[in-house]
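It should be emphasised that the depicted structure is a prediction, and the values quoted were computed from it without experimental measurement.
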Amino acid sequence: MTSPWEDSNATPLIRIDKVTKRFGGVTALDGVTLDIYPGEFFALLGPSGCGKTTLLRLLGGFEEATGGHVHIDGRDMAGVPPNERAVNMMFQSYALFPHLTVAGNIAFGLKRSALTKSAIAARVDEMLRLVQLEDLAKRKPHQLSGGQRQRVALARALAKAPKLLLLDEPLGALDKKLRQQTQFELMNIQAKTNTTFVIVTHDKDEAMTMASRIAVMDNGRILQVDTPERIYQSPKSIAVASFIGDTNILEGICNWSDGESATFDWTSQSRDMTGIPGNALAVGERCRCVVRPEQVVITFDEPTDMPNRVQGIVEDIAYLGNVSTYHVRLNDGSVFTSQSMNRQPLSPDALGVNRSVWLSWPESAARILRP
Amino acid sequence: MRRLLIAIPYLWLLALFLVPFGIVLKIALSDAALAIPPYTPTLALDEGWQSVREFLSQLDLENFVFLGEDALYWKAYWSSIQIAFVSTVLTLLVGYPMAYAMARAPRRWQPALIMLVILPFWTSFLIRVYAWIGILSNEGYLNQALLAIGLIDQPLALLNTNVAVHIGIVYTYLPFLVLPIYATLERLDESLLDAARDLGCSRTRAFWSVTLPLSRPGIIAGCLLVFIPVIGEFVIPSVLGGSDTLMIGKVLWNEFFANRDWPVASAVAVVLLFILIIPIMLFQHSAMDKREVTA
């Protein structure tokens, strides 16, 4: 099955076209263009202040774009207030009504629709079952734990069966363990209700776990839109590569490229290295190469069959149980990171500090990018 | 040590409320007399147990019976409650929009706006009430202005009517109502209004179903802070009201200073206190509720 974003005939649910948003002199969104398809679990990822929440509020109708157009389900959303959009939002603070019970909160939106009393009660029950809060229907929000409040907020936002659900840092207020558990629940509920989810998060693990596609944002612009795998493995810029996970960055000058693969002269080592160009690169152009630590193999002997290799001295080892991270100092003084799984218990004479080692990585693990 | 700490508020209550109340109650149970002090019997503790017993035997509920028999008092109580109720509603109608506008004003303006609400307290209350005579009298600024713009051709008789009393009460008690409502509105999480709009409410609908219920503690506190003291109000009805403005504060003053009937005046005060205890208990109850919610 082709994914909708790869299918040129698919119609997007949301079409964001060159949207700009300025608050006074501050540009929060700078010419953002983005299509989101029905049924997607779409994540807007970026550091705080990157414009992701502004974009979400624009979809919800709480902000008006300064320039550009937002279409939802084929309709231009300019001037359409939040109460007239088939869109619901789950707020970062949950924004539960403190004077209403759990059931009252969930029923709040339904009471504004044309549903009969019994239909509303049935829908509230259905929502309570969906988020497993049947027993707490009569509680007030201040009598609930953080995780329970989060579920009420989700149930309330889903009660009207919106085409599109916007989630603003939905797991931000939960502790780590609960967060991981809730991530899978959110994915289940998304699949069950077949609602399009757009989620805002600053947590890359959260975005990687849940999203079908991720838009990485910074400074009001979208840096890259891709699936989690492609964002991680084929970043299109250094900013995306370093935002998504740890990475080694090598500087050099490109000396050959055929589009499929390329070589560059690693300035600090004066060695030719190979890799896959992430952008179109011209020979003689300065470039940077990113290599993920877990792709770097450590050996005592020189791996002569590997095109990309470098010698160094182990400076320190961070033992994390399942993995160990090795910091290896190269002869130019820079530190290179390698990470490997600890499949067997470490023996003390294995890789010790101050051992001279070789680091190597395959061509496919190296992404050559514009600096 | 802990007992001592707990005892302090009770001693306070005893010294500043229960003892004075006991004295007033004692006078209420006495009879008026041409003497100094103007009632009998008086308690002479130095004459031993026998005299105390004699003193107690002379106390009776005569004055309370009298209050019940003379329609004047019940009319005065009832009229005070009515005036207090109407002016509390009027104060709420003026004060709620003010508090709402203050809470919605830009943050940096808010301290100045609160200042403006409190500012009248810097002048004597009595002078401010007297100033209303200059505004409301037949030749006053209000009538002059209305005549000048041609809205009326005869000056309105406002002064010495219940209308003037209501105006005076609304003006005087407005800050007591605005500040508690402002306090609840100012704390209102704005994302709740976003959520209400998101779930299908228009702005007006969101006000009625979210803002208003959430400002209820402030409304109750503010209304009781107006209602309770207004029932016993004496200055405003006597300065701005007419001869037919009947309020229990005025009756009390007359009994005490004009008739020099301290026992009846004390009985009036005791009954007033029992009437006030009901709204005061309601107020305490709502304050407790509020603490429970915020805790």
Residues 92-108 of chain B: residues contacting chain A (heavy atom under 4.5 Å, by number): none
Rounded distance [0.5 Å steps], NZ in A/K160 versus CG in B/L199: 6.5 Å
Which atoms of A/R85 approach chain B - backbone, side chain, both or neither, heavy atom under 4.5 Å: neither
Region of A/L96 that comes under 4.5 Å of a non-hydrogen atom in chain B: backbone
For [X], is the [atom1] atom crowded, meaning more than 12 foreign heavy atoms sit under 6.0 Å from it?
X	atom1	value
A/R15	CZ	no
B/F85	CZ	no
B/R128	CZ	yes
B/M281	CE	no
B/F274	CZ	no

Just wondering, do [Y] and [X] contact through their side chains at under 4.5 Å, heavy atoms?
X	Y	value
B/P213	A/F97	no
B/C201	A/N83	no
B/D194	A/P82	no
B/S202	A/E84	no
A/F62	B/D198	yes

Contacting moiety of B/R205, where chain A heavy atoms sit under 4.5 Å: side chain
Contacting region of B/A206 [heavy-atom separation from chain A under 4.5 Å]: neither
Among A/H99, A/M90, A/K111, A/R57, residue most engaged with chain B (heavy-atom pairs, under 4.5 Å): A/H99
Closest heavy-atom pair and its distance - B/S209, A/F108: OG-CZ, 3.7 Å
